**Q** 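One structure, as structure tokens, below. Some questions next.
What's counted below: heavy atoms across the whole structure, side chains too, no hydrogens, waters or symmetry copies. Treat the numbers as computed from the prediction; the structure is a model and nothing was measured.
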Amino acid sequence: MAFKQHQINYKLVKRTAITTVLSGLLFSSAVTANDDRFKDVTITSTQLTENTYMFSGSGGNIGVSAGSDGILIIDDQFAPLADKITAKLNTIQAGVPKYIVNTHYHGDHTGGNAHFGQHGTILAHHNVLKRLSTNADTPASALPVITYSKNISIHFNQDTLELIHLGPGHTDGDSVVHWQQANVIHMGDLFFKDRFPYVDLKGGGSVVGYRNNVSAILDLINDDTKVIPGHGDLANKSELLKFKHMLDDNINWMRAEKEQNKSLEEILKAGVPAKYKDWGWRFITEEKWINTLYQDL
């Protein structure tokens, strides 16, 4: 069977994703099912192996397993996109997802939970349930039903999907999902391809923990692994390693600045090392990244 790659206008996807992330990344309650900001969003799919796909639209990238056991999705973007995601899934295989995995609690990854959770089982780390439950407006169908403290395996569509929790990083409830046979890994927001990441310090995140988690995943995968980032284009191990080097360099740089007793204002004025000037973007600007490093280190 020839693997199909649907045509994707990545620049348009990125612009749309960035705009909507700005308005709804943390608080899914701020996004309604009829939100006009999402009416022009298109869900695109890339087939990775016989049974695995990556969907892009607005918000976090979605991982898909489709086969004889049914459909499983990893993350589900914003609530207004649930019908569009369902329609795209039906172009691959009829039916609704049996399982929905949340890589963390942010609304651009869990907004579709209420829709998909009506017919499927949601899995996530304990802390995802804890944080989603704090919002009184979250319906029961949007909450994880199966939670775990470290790792859990799903045996599905002739593969084993290992859900791995490595400790605080992007948040305190991150999971990555590794297809053992397909050699595909979904990083959740432990990977913003070629961009400064968002480290949710108020959500239990840690800059050093983030870097250490990325390092642990690099030890797990190989040069043939297809890497689905939380945001950005499909990647490989070398591109994830490039991201990890950026984290190393920026952590070491900030530690050196603080050891010299430089104030935050002085550091902001000088900016990040020149080679990383173009890693800032509309949501995580250079200034916001410096503030995150300074505060957490």
**Q** Determine whether Val227 and Lys193 make a side-chain contact, defined as any pair of heavy atoms from C-beta on separated by less than 4.5 Å.
**A**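 No; the side chains remain at least 4.5 Å from each other.
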**Q** Tell me if a side-chain donor or acceptor on Thr86 pairs with a main-chain N or O of Ala82 at a distance below 3.5 Å.
**A**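 Side chain of Thr86 to backbone of Ala82, a donor-acceptor pair under 3.5 Å: yes, one is there.
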**Q** Is any side-chain heavy atom of Asp174 closer than 4.5 Å to one of Thr103?
**A**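 No, too far: nothing below the 4.5 Å cut-off.
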**Q** For Glu287, does the CD atom have more than 12 heavy-atom neighbours from other residues, nucleotides or ligands under 6.0 Å away?
**A**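 No - once you tally the heavy atoms of other residues, nucleotides and ligands closer than 6.0 Å, there are 12 at most.
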**Q** Tell me whether Asp224 is salt-bridged to Lys237, with the criterion being a basic N under 4.0 Å from an acidic carboxylate O.
**A**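 No, this pair does not count.
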**Q** Does His126 have any side-chain hydrogen bond (donor to acceptor under 3.5 Å, both in side chains) partners at least two apart in sequence or in another chain, and if so, which?
**A**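 Per chain and number, His126 pairs via side-chain hydrogen bond (donor to acceptor under 3.5 Å, both in side chains) with Thr147.
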**Q** Does the side chain of Asn222 pick up a donor-acceptor pair with the side chain of Asn183 at under 3.5 Å?
**A**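 On atom types as modelled, these side chains qualify, holding a pair under 3.5 Å.
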**Q** Parallel, tilted or perpendicular: which one describes the rings of Trp279 and Phe243, with boundaries at 30° and 60°?
**A**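 Parallel, since the angle between the ring planes stays under 30°.
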**Q** Quick one: do the Gln77 and Ser58 side chains pair a donor with an acceptor below 3.5 Å?
**A**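 Distance-only check fails for Gln77 and Ser58.
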**Q** Is a side-chain donor-acceptor pair under 3.5 Å present for Asp200 with Tyr105?
**A**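 The criterion, which ignores hydrogens and geometry beyond distance, is satisfied for Asp200 and Tyr105.
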**Q** Taking atom types as modelled, is there a side-chain donor on Glu162 or Ser153 under 3.5 Å from an acceptor on the other?
**A**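 Per modelled atom types, Glu162 and Ser153 side chains form a pair under 3.5 Å.
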**Q** For the pair Lys98 and Asp69, find out whether any cationic side-chain nitrogen is under 4.0 Å from an anionic carboxylate oxygen.
**A**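 So Lys98 does not pair with Asp69 through a salt bridge.
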**Q** Compute whether any side-chain donor of one residue and acceptor of the other, for His109 and Asn102, lie under 3.5 angstrom apart.
**A**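 Not at all, the side chains of His109 and Asn102 share no donor-acceptor pair under 3.5 Å.
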**Q** Quick one: does Leu247's side chain get under 4.5 Å of Asp249's, heavy atoms only?
**A**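 In short, these two side chains do not touch, never coming nearer than 4.5 Å.
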**Q** State, yes or no, whether a side-chain contact exists between Pro197 and Trp289 at a heavy-atom distance under 4.5 Å.
**A**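 Yes, their side chains come closer than 4.5 Å.
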**Q** Is it the case that atom CZ in Phe156 sees more than 12 heavy atoms from other parts of the structure closer than 6.0 Å?
**A**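 Atom CZ in Phe156 is crowded, with more than 12 foreign heavy atoms closer than 6.0 Å.
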**Q** Search all heavy atoms of Ala114 against all heavy atoms of Pro139 and return the closest pair with its distance.
**A**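 Residues Ala114 and Pro139, closest heavy atoms: CB-CG, 3.6 Å.
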**Q** Is it the case that the side chains of His155 and Thr160 hold a donor-acceptor pair, with the cut-off being a distance below 3.5 Å and no angle test?
**A**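 Yes - a donor-acceptor pair under 3.5 Å links their side chains.
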**Q** Going by the side-chain hydrogen bond (donor to acceptor under 3.5 Å, both in side chains) test, name the single residue among Thr171, Thr138, Asp172 that passes it with Arg131.
**A**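 Among the candidates, only Asp172 passes.
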**Q** Can you give me the closest heavy-atom contact between Trp253 and Gly271, atom names plus distance?
**A**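 So the minimum-distance heavy-atom pair works out to CZ2-O, 3.3 Å.
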**Q** Is the terminal nitrogen or CZ of Lys288 (NZ for Lys, CZ for Arg) located under 6.0 angstrom from the six-membered ring centre of Phe196 and within 45° of that ring's axis?
**A**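 No; the conditions do not both hold, so Lys288 does not lie above the ring face of Phe196.
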**Q** In this structure, are over 12 heavy atoms from other groups packed under 6.0 Å from Lys275 atom NZ?
**A**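 Counting other residues, nucleotides and ligands, NZ of Lys275 stays at 12 neighbours or fewer.
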**Q** Assign the ring pair His106 / His104 to parallel, tilted or perpendicular, where the plane angle (0 to 90°) is split at 30° and 60°.
**A**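 Answer is perpendicular, since the angle exceeds 60°.
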**Q** For Asn51 and Ser65, which I'm curious about, is there any donor-acceptor pair between the side chains at under 3.5 Å?
**A**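 Note: Asn51 and Ser65 side chains miss the donor-acceptor criterion.
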**Q** What pairs with Asp219 under side-chain hydrogen bond (donor to acceptor under 3.5 Å, both in side chains), at least two apart in sequence or on another chain?
**A**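 For Asp219 there are no side-chain hydrogen bond (donor to acceptor under 3.5 Å, both in side chains) partners, ignoring immediate neighbours.
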**Q** Under 3.5 Å, is there a donor on one side chain and an acceptor on the other for Tyr198 and Thr292?
**A**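 No, because no side-chain N or O of Tyr198 sits under 3.5 Å from a partner of the opposite role on Thr292.
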**Q** Ignoring hydrogens and angles, tell me if any N or O in the side chain of Asn236 forms a donor-acceptor pair with the backbone of Ser238 under 3.5 Å.
**A**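 Present.
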**Q** Sub-3.5 Å donor-acceptor pair from the side chain of Gln260 to the main-chain atoms of Lys262, do we have one?
**A**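 No, because the side chain of Gln260 does not come within donor-acceptor range (under 3.5 Å) of the backbone of Lys262.
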